[in-house]
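Here's the structure we're looking at; comments come further down.
Throughout, residue positions are numbered sequentially from 1 according to the sequence presented.
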Amino acid sequence: MKENIYIYIFVAFIVSYLIRVLPLTLIRKPIKNRFIRSFLYYVPYVTLSVMTFPAIIQAADSPAAGAAALIAGVFLAFLGAGLFPVAIACCVVAFVAQWLL
């Protein structure tokens, strides 16, 4: 069993290393394709959203409270509120919604 752990760690290291090194070694010219440039531009935002969305919904005991906080946060951000006021409002909405539910 202990030998398998080292194999797993080594495989994870190789995969992580290749993902980071291959683009640097294979792509030497600037990317001119508009589709690929657009895709690469949005990858960090999509990744952050995919990691954050489930955490928001599952942060409270009730998924409805998390969804209410998410809706409030999106609405306030749409209105132009900053990160700190949106975070505080989301916490308050989640607390109140959890208390009411």
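Nearest approach of A65 to A94, heavy atoms of both residues: CB-O, 3.8 Å. Taking every heavy atom of both residues into account, A81 and V86 meet most closely at CB-CG2, 3.8 Å. Across all non-hydrogen atoms, the minimal contact from Q98 to D61 is NE2-OD2, 3.0 Å.
In the hydrophobic clustering of ILVMFWY residues, with side-chain heavy atoms under 4.5 Å counting as a link, F39 and I31 come out together. Linking Ile, Leu, Val, Met, Phe, Trp and Tyr residues whenever their side-chain heavy atoms come within less than 4.5 Å leaves V15 and L22 in two separate clusters. There is no path of hydrophobic side-chain contacts, each under 4.5 Å, that joins I56 to F75. No single ILVMFWY cluster, assembled from side-chain heavy atoms under 4.5 Å apart, contains both I14 and Y8. One hydrophobic cluster, built from ILVMFWY side chains closer than 4.5 Å, cannot hold both M51 and L70; they sit in different ones.
T52 places a side-chain N or O within 3.5 Å of a backbone atom of L48 that can act as its donor or acceptor partner.
Enclosure of atom CG in L83 is not indicated, since only 12 or fewer non-hydrogen atoms of other residues, nucleotides or ligands lie within 6.0 angstrom.
Listed by chain and number, the residues in a side chain to side chain contact (heavy atoms under 4.5 Å, CB included) with Y45 are Y41, Y42 (sequence neighbours excluded). Every side chain to side chain contact (heavy atoms under 4.5 Å, CB included) that I9 has, sequence neighbours left out, goes to I5. Checked against side chain to side chain contact (heavy atoms under 4.5 Å, CB included), A68 has the following partners two or more places apart in sequence or in another chain: V93, A97.
Aromatic ring orientation, F13 versus Y17: parallel (interplanar angle below 30°, classes split at 30° and 60°).
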